[in-house]
Amino acid sequence: MLGKIALEEAFALPRFEEKTRWWASLFSTDPETHVKEITDITQIRLDYAERYGVGYQILSYTAPGVQDIWDPVEAQALAVEINDYIAEKIKDHPDRLGAFATLSMHSPHEAATELRRCITTHNFKGALINDTQRAGPDGDSMIFYDNPTWDPFWATCTELNVPVYLHPRNPTGTIYDKLWADRKWLVGPPLSFAHGVSLHVLGMVTNGVFDRHPALQIILGHLGEHIPFDMWRINHWFEDRKKQLGLRETCKRTIREYFRDNLWITTSGHFSSPTLRFCVEEVGVERILFSVDYPFETFGDACVWFDGVEGEIGVEAMRRIGRENARRLFRLEAFRDCDA
Ligand code: GRE
């Protein structure tokens, strides 16, 4: 399929090459290639896009990124630097590349102000946040965004009418020491990433964020971070038990209704036809978006797989997931092969 849109596509600042190499050494069998791919913006990446039929990509700063920086002043300065850097890099390719804002999540007002600047001056398409913000004097605290102090930030997202991609980051501090240190091979895609994001987004559901901001749109990668598989069970316990025990006060609708009205899932890093078919049935074709997860995954793996799903889900579902849903969600203007 030509003109696919991809949404979970990472870049890193060249000045952090050493840090990028260290991170790559934990996840990549070829760290040198990874470093080249993640720091490149318009050459290698656009060559892959051309070869594999990706018409438009929304780029975002790699994890853990600014969410790893517990000093609020430093975090804010880095977020602004990243946003201005990527705006400059992509400005000559508006029909191929867009960006999500990178935000310091220490303060709801500061995050909202930077988001507004990115949308109004750089024409960014929303924000991507790497799960909780590290905070506290030694970085061992975590800021979640599911309590009412974050309402001004979520209100700004809905006022600007842009979605937020809730992306994973690695477990750190005491949480890492207690849960993951002795199980380090489960950090990342095998388990910890999905745990982190699903805790966070289900926290938003049960703490009423979507009831207070009914128009808010949140995107989850990796075919929904395990939640679709548990939909029936979560729904059963929310509706048949926990709402009678008090959950009803902060969570008005059902989990399936939040998926229908507020949540999206992408195919990033999860290229399985049986799982996609299951998500089409459980979540619905209208809330699923194609993505790659480059350079942690390859364009080849994502696109060759996706280009073959027509026989599994039909051509109409493929066009919606591959392009049309994202085109509408982000109100995109013409891009490469957008009508192919
Ligand atoms: C990511 O998307 O940020 C990521 C990592 C490490 C491994 C896989 C992955 O940071 O998708």
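These figures come from a predicted structure and were not determined experimentally. Atoms within each ligand, like the ligands themselves, are counted from 1 in listed order. In this chain, numbering begins with 1 at the start of the sequence shown.
Sorted by chain then number, the residues whose non-hydrogen atoms approach ligand 1 to under 4.0 Å are Glu8, Trp23, Phe27, Ala63, His167, Pro189, Phe193, Asp293, Phe296.
The pair Arg328-Glu324 does not meet the salt-bridge criterion, since no charged nitrogen lies less than 4.0 angstrom from a carboxylate oxygen. Checked for salt-bridge contact, Glu257 and Lys252 miss the test: no charged N lies under 4.0 Å from a carboxylate O.
Note: Phe11 and Tyr61 meet the aromatic proximity criterion, with ring centroids under 6.0 Å apart. Aromatic pair Tyr48/Tyr294: centroids less than 6.0 angstrom apart.
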Would you check, one step at a time, whether the test ring pair (Phe, Tyr, Trp, His ring centres under 6.0 Å) holds for Phe27 with His34?
CA-CA 10 Å; Phe27 291 102; His34 178 94; 8.7 Å; no
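Relative to the ring axis of Trp237, Arg241 places its NZ or CZ within 45° and under 6.0 Å from the centre.
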